[in-house]
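Counting starts at 1 for both ligands and their atoms, in listed order. Residues take their numbers from the sequence shown, with the count starting at 1.
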Amino acid sequence: MSNRFAVILAAGQGTRMKSKLYKVLHSVCGKPMVQHVVDQVSALGFDEIVTIIGHGADAVKSQLGERVSYALQEEQLGTGHAVLQAESALGGRRGVTIVLCGDTPLLTAETIDHVMSYHEEEQAKATVLTAELADPTGYGRIVRNDKGLVERIVEHKDATSEEKQITEVNTGTYCFDNEALFQALKEVGNNNAQGEYYLPDVIQILQTKGEKVAAYKTAHVEETLGVNDRVALAQAEQVMKRRINEAWMRKGVTFIDPEQTYVSPDATIGQDTVIYPGTMVLGQTTIGEGCVLGPHTELKDSKIGNKTAVKQSVVHNSEVGERVSIGPFSHIRPASMIHDDVRIGNFVEVKKSTIGKESKASHLSYIGDAEVGERVNFSCGSITVNYDGKYKFLTKIEDDAFIGCNSNLIAPVTIGKGALIAAGSTITEDVPSDALSIARARQTNKEHYVTKKNN
Ligand code: UD1
Ligand code: MG
């Protein structure tokens, strides 16, 4: 196999998006479009991936990081001009170069691999990935000669009304003989409707020279969507969502309503998990087996153990053990660790806290900056008072402690093993193990007070 290089075009502003955010950074299923392209390409083990950056160069760089190298296109003079910026990195090297657009997030590694293999088998100098579209509006059209061979590509804006009838389109993905590509690019002009240097013109240049130009028409039409505006962005979201959800269904996950369930391309879900509508599994989230998620639950960058249920709740950047019950209406904030068999009930917020095995906070609690042991009971309305307006302090609660209703634990404070906090207490000092602590005003009953007052 010869050397394989990739060039990803990501320098455009994306005028048609009407956005302050650069086009290729718009997300599909929570991941920027250009990241989808890079992830698919990376799966194929290329020798070098060069990303062309321009508009929002720094933002694109910080999104993609070190996995790719970069070439700057200072002025966006067209896709041909964009590829030419990769010359200092790739020029003069032998091999095959695949060029992809950063706005085709649905393209899969499989299809990229197929077009590469086809190109190599055909020993072509250029192979364009094409698709037959019911509505080809906006795309470059594939113009074939009497023999059915690709002659050139004409942009929608330059096409005659006859050419506009062509339904076979350029998907914006091509394989080239690397050396032939950079030679031909030098001959590309900008005498066209947009005054731009078009990459697709390389096809005609090579064809005219008598070089072999091939086309690989994919049956996976839905992969070829080029996202130029927000309507296409929403279409891409639908296709990607369906693709992700179907893949999990085939691996044994139940989706009650796949249209209303959103799973990140970087999430994993265990067998026999059931997901109810309105659930979003975002970022790098790992879900165990036999879980019940939703309805209306948001999980982000978190790990959820087997047989855990999370209903109408939010869990961010946290780890949850096995057989845990969360919700309805709970909020698990970042850096929390919820161990096995814990119960977090309605209107409970946990922040940057560890909750030991079999502990319970069933209703109306706030647990922040706390280390909670095993089998601890947080009764209704009990809270940690972790913040004095300037600093945050730690609350430590040892195994088997029982925190009565409506208690305030003013941090820093430690509640000893097995200690009992009476309901309504405001605890400001450490409580020894096994002690009962009562910190509230004593009740006074004034007998017959009301009758006297009324007479
Ligand atoms: C392009 C193709 C068209 C094809 C379509 C498929 C050209 C001239 N046309 O049109 O034949 O059917 O894609 O989706 O190539 N970019 C740069 N620098 C530039 C211009 C663009 O990096 O100077 C990048 C953009 O960021 C984008 C990609 O190239 O990721 C494609 O540009 P775009 O403007 O979307 O081209 P289309 O009009 O979609
Ligand atoms: Mg485009």
Could you say whether the N/O atoms of [X] and ligand 1 ever approach to under 3.5 Å?
X: P200; value: no
X: L9; value: yes
X: G226; value: no
X: R16; value: yes
X: Y174; value: no
X: I153; value: no
X: A11; value: yes
X: N170; value: yes

| field | Check: R333/H316 side-chain N/O donor and acceptor closer than 3.5 Å | value | no

| field | Between E223 and T111: side-chain donor-acceptor atoms closer than 3.5 Å | value | yes

Please identify which atoms of ligand 1 are closer than 4.0 Å to at least one heavy atom of [X].
X: N228; value: 35 (O), 39 (O)
X: A82; value: 17 (C), 18 (N), 22 (O)
X: C101; value: 28 (C), 31 (C)
X: T171; value: 6 (C), 14 (O)
X: G140; value: 3 (C), 4 (C), 11 (O), 12 (O)

| note | Protein N/O/S atoms closer than 2.8 Å to the Mg ion (ligand 2) number 2

Check: [Y] and [X] side chains under 4.5 Å, non-hydrogen atoms:
X: K241; Y: V239; result: no
X: H114; Y: Y216; result: yes
X: V227; Y: T104; result: no
X: Q35; Y: R67; result: yes
X: Y174; Y: T127; result: no
X: L299; Y: I304; result: yes

Answer with yes or no whether [X] contacts ligand 1, where contact means a heavy atom under 4.0 Å from a ligand atom.
X: E155; value: yes
X: V169; value: no
X: G54; value: no

| field | Residue list, salt bridge (Lys or Arg N to Asp or Glu O under 4.0 Å) with K61, at least two apart or on another chain | value | none

[atom] - nearest protein heavy atom and its distance:
atom: atom 15 (O) of ligand 1; answer: T79 OG1, 2.6 Å
atom: atom 23 (O) of ligand 1; answer: G78 N, 2.9 Å
atom: atom 26 (O) of ligand 1; answer: G12 N, 2.8 Å

| said: Please determine whether side chain to side chain donor-acceptor pair (under 3.5 Å) holds for the pair H339 and E319, giving the CA-CA distance in whole Å, both sets of side-chain angles, and the decisive distance to 0.1 Å. | reply: CA-CA 8 Å; H339 285 278; E319 196 173 330; over 6 Å; no

| task | Output yes when E163 and R152 qualify as a salt bridge under the 4.0 Å nitrogen-oxygen rule, no when they do not. | result | yes

| query | Would E237 and R230 pass as an ion pair if we require N to O under 4.0 Å? | reply | no

| note | Exactly one candidate in D158, I203, N190 meets side-chain contact (heavy atoms from CB on, under 4.5 Å) with Y198; the answer is D158

So which bit of [X] gets within less than 4.0 Å of ligand 1, heavy atoms only: side chain, backbone, both or neither?
X: K23; value: side chain
X: H55; value: neither
X: Q73; value: side chain

| Plane angle bin for Y391 and F393 - parallel if under 30°, tilted between 30 and 60°, otherwise perpendicular | perpendicular

| task | Using a cut-off of 6.0 Å, state whether more than 12 heavy atoms not belonging to K311 lie near its atom NZ. | result | no

| More than 12 non-hydrogen atoms from neighbouring residues, nucleotides or ligands closer than 6.0 Å to CD on Q13, yes or no? | yes

| query | Do any non-hydrogen protein atoms sit less than 4.0 Å from atom 4 (C) of ligand 1? | reply | yes

